[in-house]
Amino acid sequence: METGFFEKVYDIVRQIPYGRVTTYGIIAAHIGSPQAARMVGWALNKSAGEKEFIPAHRVVNRKGLLTGKHYFANENTMKEMLESEGIKIIDNQIQNFKDLLWHPDSY
DNA sequence: TTAGTGACTGTAG
DNA sequence: GCTACAGCCACTA
């Protein structure tokens, strides 16, 4: 069964460049339902068991907060991965978030 | 089949 | 700036 929604979410998330981040709303907007951002997060949750690696740690809410960190193996995993890419995080919030924000305009 | 839930966002007060 | 409400789609029980 091809839901379509999942594949679109995965496809966009996989396009996020190294050291960049995006938001659930932007992804949902590209799919066609900006208000279905909740589904994006939920799809990413399922992506943890996907065969191919999905950089879900690069997806945060519109405030730049790591709301999904709790869904990783360890709460620090998401922060560690982002810091590993040169992204600074303070109090679960991405610093210079607006500058690191990536827009999937090539999709 | 119906009802409940969710890693969110935009609008309104 | 904050709080509150509604909407969105797919999944699970």
Side-chain angles (χ1 to χ4, degrees):
Chain A
M1 32 187 205
E2 304 282 342
T3 58
F5 200 96
F6 278 45
E7 294 185 358
K8 288 176 183 176
V9 173
Y10 297 156
D11 195 27
I12 293 173
V13 174
R14 272 184 298 222
Q15 292 181 55
I16 303 174
Y18 181 94
R20 295 291 188 125
V21 295
T22 191
T23 71
Y24 304 99
I26 291 173
I27 295 171
H30 266 254
I31 292 173
S33 302
Q35 295 182 281
R38 296 196 288 189
M39 273 306 306
V40 177
W42 178 76
L44 290 176
N45 184 351
K46 293 295 183 184
S47 76
E50 285 296 309
K51 205 160 133 189
E52 186 161 352
F53 174 70
I54 307 291
H57 59 279
R58 295 178 187 154
V59 184
V60 295
N61 69 352
R62 78 175 198 87
K63 302 174 202 168
L65 296 172
L66 308 187
T67 53
K69 68 170 188 177
H70 199 65
Y71 285 71
F72 281 76
N74 297 310
E75 293 189 6
N76 279 0
T77 303
M78 191 171 184
K79 181 172 179 279
E80 293 282 329
M81 291 176 80
L82 289 170
E83 288 182 337
S84 176
E85 299 186 358
I87 299 175
K88 301 291 165 45
I89 299 171
I90 298 176
D91 192 25
N92 296 330
Q93 185 171 14
I94 296 176
Q95 302 302 301
N96 201 13
F97 172 64
K98 191 175 180 182
D99 188 48
L100 294 173
L101 185 61
W102 173 77
H103 190 88
D105 50 4
S106 58
Y107 186 73

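Proteins come first, then strands; the chains are lettered A, B, ... in the order of their sequence lines, and each starts at number 1.
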Under-4.0 Å side-chain N/O to phosphate OP1/OP2 contact, Thr67(A) with dC8(B): yes
Separation of atom NE2 in His30(A) from atom C1' in dC8(C), rounded to whole Å: 17 Å
Main-chain N/O of Ile89(A) paired to Gln93(A) side chain as donor or acceptor, under 3.5 Å: no
Whole-Å distance separating the CD1 atom of Ile31(A) from the P atom of dC8(B): 15 Å
Within residues 79-89 of chain A: residues closer than 4.0 Å to DNA chain C (heavy atoms): none
Partners meeting side-chain hydrogen bond (donor to acceptor under 3.5 Å, both in side chains) with Asp91(A) (sequence neighbours left out): none
Pairs satisfying salt bridge (charged side-chain N to carboxylate O under 4.0 Å, His left out), at least one member in residues 78-87 of chain A, at least two apart: Arg58(A)-Glu85(A), Lys79(A)-Glu83(A)
Length of the line joining Arg62(A):CZ and dG10(B):C1', which is rounded to integer Å: 8 Å
Dot-bracket summary - DNA chain C, pairs being Watson-Crick or G-U whose distances fall under 3.5 Å, with | when paired to another strand: .||||||.|||||
Integer-rounded Å distance: dC2(C) C1' and Lys63(A) NZ: 10 Å
Close side-chain approach of Leu66(A) to Leu82(A), heavy-atom, < 4.5 Å: yes
Set of side chain to side chain contact (heavy atoms under 4.5 Å, CB included) partners for Thr67(A), sequence neighbours left out: Tyr24(A), Asn61(A), Leu65(A)
Check: Tyr10(A) side chain, Ala43(A) main-chain N or O, donor-acceptor pair, under 3.5 Å: yes
Value in whole Å for how far the C1' atom of dC11(C) lies from CZ of Phe6(A): 7 Å
4.5 Å side-chain heavy-atom contact, Val13(A) and Ser47(A): no
DNA chain C-proximal residues of residues 36-58 of chain A, any heavy atom under 4.0 Å: Ala36(A), Arg38(A), Met39(A), Trp42(A)
Within residues 33-44 of chain A or reaching into it, pairs that qualify as side chain to side chain donor-acceptor pair (under 3.5 Å) - sequence neighbours excluded: none
Separation of dG10(B) C1' from Ile26(A) CD1 (nearest whole Å): 14 Å
Residue pairs fulfilling salt bridge (charged side-chain N to carboxylate O under 4.0 Å, His left out) with at least one residue in residues 13-33 of chain A, sequence neighbours excluded: Arg14(A)-Glu52(A)
With Asn74(A) via side-chain hydrogen bond (donor to acceptor under 3.5 Å, both in side chains) - residues at least two apart: none
With Glu75(A) via side chain to side chain contact (heavy atoms under 4.5 Å, CB included) - residues at least two apart: Lys69(A), His70(A)
d(NE2, His70(A); C1', dG6(B)) in whole Å: 14 Å
